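This structure is a prediction, so every number in the text was calculated from the model and none was measured. The figures here come from the full heavy-atom set of this structure, side chains too, leaving out hydrogens, waters and symmetry mates. Naming convention: chains lettered A, B, ... in sequence-line order (proteins, then strands); numbering from 1 in each chain.
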Amino acid sequence: MSGVFNERVYKEVMKIPRGKVATYGQIAALAGKPRNARAVGYALHANPRQGVVPCHRVVFRDGSLAPGFAFGGPEEQRELLENEGVRFIPPAEGKPNAGAEGWRVDLDQCQWEA
DNA sequence: TTGGTGACTTACT
DNA sequence: AAGTAAGCCACCA
């Protein structure tokens with residue numbers, strides 16, 4: 001298994017405490033490659049331990065969640081994170097949200113710090 | 001081995 | 001401010 005970096009990512013992601021979230025760049029840095037956020041996403045894509053690795057706690061640097069690729073839907077992820085105590089920011093005022101798209105995580109409050 | 005793709009990020013226009 | 005471009009690294013064919 002040459003996927004050393006991959007396992008490193010899983011380990012770091014599993015270390016994310018409940019009610020907190022981390023960005024791909026953060027995980028990449030913890031994994032040893034601060035410029036390899038892409039591989040982090042790829043690693044979670046190959047996520048063999050879905051259910052064990054809280055990939056829903058990993059978000060974009062912008063606070064947005066992964067596109068339709070999520071474990072079941074952005075709505076599910078939003079509710080899941082919200083259930084863990086993560087604070088969310090609504091998409092916009094006066095504009096109905098077609099779902100959870102547009103919802104961002106409050107990184108200022110809930111970004112995990114190693 | 002080489003090439004191509006990708007759940008990203010930063011910088012420039 | 002928003003959109004486009006390039007860079008980075010790991011995995012698969």
message = Has A:Tyr10 got a side-chain atom pairing as donor or acceptor with A:Ala43's backbone, closer than 3.5 angstrom?
response = yes
Euclidean distance, atom CZ of residue A:Arg8 to atom P of C:dC11 [Å, nearest integer] = 14 Å
request  = Find the distance A:Leu107:CG to B:dC8:P and express it as a whole number of Å.
outcome  = 15 Å
inquiry  = Using whole Å, what does the distance between atom P of nucleotide C:dC9 and atom CD1 of A:Ile27 come to?
reply    = 18 Å
inquiry  = What's the closest nucleotide to the side chain of A:Arg61 if the choices are C:dA10, B:dT10, B:dA7?
reply    = B:dT10
query = Could you give the OH-to-P distance, from A:Tyr42 to C:dA10, as a whole number of Å?
reply = 13 Å
request  = Please determine, for C:dA1, whether a Watson-Crick or G-U wobble partner exists with both distances under 3.5 Å, and give it or none.
outcome  = none
Atom of A:Gln77, atom of A:Cys55 and distance for their closest heavy-atom approach = NE2-O, 4.4 Å
inquiry  = I want to verify a distance call: between B:dT9, C:dA10, B:dA7, whose nearest atom is closest to the A:Ala39 side chain?
reply    = C:dA10
Separation of atom CG in A:Asp62 from atom P in B:dA7, rounded to whole Å = 17 Å
query = What nucleotide, of C:dA10, B:dC8, B:dA7, holds the atom closest to the side chain of A:His45?
reply = B:dA7
Closest to the A:Asn6 side chain, choosing from C:dC9, B:dA7, C:dC11 = C:dC11
note = Checking N1-N3 plus N6-O4 or O6-N4 for Watson-Crick, or N1-O2 and O6-N3 for wobble, each under 3.5 Å, the partner of B:dA7 is none
request  = Give the rounded distance in Å between these two atoms: OH of A:Tyr24 and P of C:dC8.
outcome  = 22 Å
inquiry  = Which residue is it: A:Ile16, A:Val105, A:Leu80? I am looking for the one with a side-chain contact (heavy atoms from CB on, under 4.5 Å) to A:Arg57.
reply    = A:Ile16
key: Nucleotide B:dT5, atom P - distance to CG of A:Leu44 in whole Å   = 22 Å
key: Which atom of A:Gln26 lies closest to which atom of A:Gln111, heavy atoms considered   = OE1-NE2, 4.1 Å
query = Mapping A:Asn36 and A:Gln26 to their closest nucleotides on DNA chain B, which lands nearer the 5' end?
reply = A:Asn36
task = Check whether the side chain of A:Arg35 and the base of C:dC8 form a donor-acceptor pair under 3.5 Å.
result = no
message = Using whole Å, what does the distance between atom C1' of nucleotide B:dC8 and atom CZ of A:Phe5 come to?
response = 11 Å
ask   = So, for A:Cys110 and A:Gly85, which heavy atoms are closest and what is the spacing to 0.1 Å?
value = SG-O, 4.5 Å
